[in-house]
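A short worksheet on the structure shown next.
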Amino acid sequence: MTWIIGRAVLAVLLGLGGIRQASAADTSRLVVIGGSLTEIVFALGKGGSVIGVDQTSVWPPEVKALPQVGYYKKVSAEGVLSLSPTMVAAYRDAEPASALRQLEQAGIPVVLFDRSPPMRALEDNIAAMGRLLGAEREAQALRRSLDDQIAAVARTVAGTKKKPRVLFVLNYDPSQTVVAGAGTIAGQLIEMAGGVNAAGDITGFKPLNGEMVTNAAPDLVLTVEERWDGIGGAAGMARLPGMAATPAGKSGRFAPMPGPLMLGLGPRLGEALRRLSGLFHGEGVAHHGR
């Protein structure tokens with residue numbers, strides 16, 4: 001019963017009528033597992049059909065009043081079933097797989113979406129969600145709006161002379177720092193906003209020791225806003241292993257970004273690019289000791 005909607009299989013589903021079948025299904029009580037997917041549903045004007053979300057779904061603000069069914073990597077099948085949904089939309093990497101199977105066995109259609117490659121997946125997911133919810137026209141308008149926003153940032157970036165080396169830090173502990181390499185959404189956003197991913201020679205999210213952080217030589221270091229206070233702000237970032245010897249560490253160039261913007265793949269991508277472009281040109285950057 002699971003429908004997988006993503007770049008690799010979208011054409012097959014279209015050819016076999018899978019999307020048409022999904023579109024004809026009852027989406028009046030929808031549980032969404034994946035913050036960016038939730039944002040897409042609301043951006044298409046179908047937020048009224050959402051009856052439950054996962055913990056990564058924090059935007060728009062009204063989703064905070066909805067029941068939660070757990071973290072997307074630890075989905076509670078019982079929690080989903082208690083809401084009596086007519087359909088579940090989730091990212092392919094939602095876990096545990098056994099929970100998704102349990103939903104299928106209970107007769108709940110589960111529609112899975114891809115995350116990569118990031119930009120192609122975003123386009124596919126907006127189009128597929130539009131078909132699923134009967135909002136094709138809204139999906140086309142949303143994609144055009146995103147294209148315009150991306151083009152506007154690209155024009156701004158084209159007029160800049162220097163591209164800063166930017167490191168995005170996801171997690172940290174006393175011995176290592178987990179950063180975003182090539183193939184990640186955060187890494188691609190850095191490049192699109194006119195920066196150079198300082199961890200671009202690795203793939204995915206990988207841990208770096210102090211020496212590797214120093215060798216990455218970032219001019220600016222970003223981290224998720226939700227963890228900014230926990231590490232102690234810019235001063236805490238400066239104390240990460242190897243950070244003091246980097247250009248960012250010496251100049252105190254550290255800044256927080258909302259996690260959903262840097263790690264999500266939703267309709268606020270244009271906002272993320274505008275904010276990053278501003279940071280790369282010295283606007284709104286937190287400094288060590290301030």
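FYI, the numbering just counts along the sequence from 1.
- The salt bridge (Lys or Arg N to Asp or Glu O under 4.0 Å) test applied to Glu78 returns no partner, not counting sequence neighbours.
- When the side chain to side chain contact (heavy atoms under 4.5 Å, CB included) test is applied to Pro67, the partners found at least two apart in sequence or on another chain are Leu83.
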When you look at Val75 and Val80, which way does the side-chain contact (heavy atoms from CB on, under 4.5 Å) test go after all the steps?
-> CA-CA 8 Å; Val75 177; Val80 174; 4.2 Å; yes
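- Checked against side chain to side chain contact (heavy atoms under 4.5 Å, CB included), Ile231 has the following partners two or more places apart in sequence or in another chain: Tyr172, Met237, Leu240.
- Within the structure, the salt bridge (Lys or Arg N to Asp or Glu O under 4.0 Å) test picks out no pair touching residues 221-234 (sequence neighbours left out).
- Sorted by first then second residue, the salt bridge (Lys or Arg N to Asp or Glu O under 4.0 Å) pairs that include residues 198-215, not counting sequence neighbours, number zero.
- Contacts of Gln176 classified as side-chain hydrogen bond (donor to acceptor under 3.5 Å, both in side chains), with partners at least two apart in sequence or in another chain: none.
- By the side chain to side chain contact (heavy atoms under 4.5 Å, CB included) test, Ala186 pairs with Phe168, Ala180, Thr184, Met262, sequence neighbours left out.
- In this structure, the side chain to side chain contact (heavy atoms under 4.5 Å, CB included) partners of Arg155, at least two apart in sequence or on a different chain, are Ala151, Ala152.
- The side chain to side chain contact (heavy atoms under 4.5 Å, CB included) test with Val179 singles out one residue from Val221, Asn171, Leu170, Ile202, and that residue is Ile202.
- Partner of Gln149 under the side chain to side chain donor-acceptor pair (under 3.5 Å) criterion, out of Arg274, Arg144, Glu271: Arg274 alone.
- Residues that satisfy the salt bridge (Lys or Arg N to Asp or Glu O under 4.0 Å) test with Arg165, not counting sequence neighbours, are absent from this structure.
- Cation-pi check for Arg115 over Tyr72 is met; the charged atom lies under 6.0 angstrom from the ring centroid and within 45 degrees of its normal.
- Residues in residues 60-70 take part in no side chain to side chain donor-acceptor pair (under 3.5 Å) pair, two or more places apart or across chains.
- Within the structure, the side chain to side chain donor-acceptor pair (under 3.5 Å) test picks out the following pairs touching residues 28-48 (sequence neighbours left out): Asp26-Ser28, Thr38-Ser57, Glu39-Arg268.
- Rounding to the nearest 0.5 Å places CG of Leu44 at 7.5 Å from CD1 of Ile126.
- With respect to Asp124 and Arg120, a salt bridge is recorded, a charged nitrogen being found less than 4.0 Å from a carboxylate O.
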Run the numbers on Phe254 and Trp228 for side-chain contact (heavy atoms from CB on, under 4.5 Å), then give the verdict.
-> CA-CA 10 Å; Phe254 305 98; Trp228 182 250; 3.9 Å; yes
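- With sequence neighbours excluded, the residues forming a salt bridge (Lys or Arg N to Asp or Glu O under 4.0 Å) with Glu95 are Lys73, listed by chain and number.
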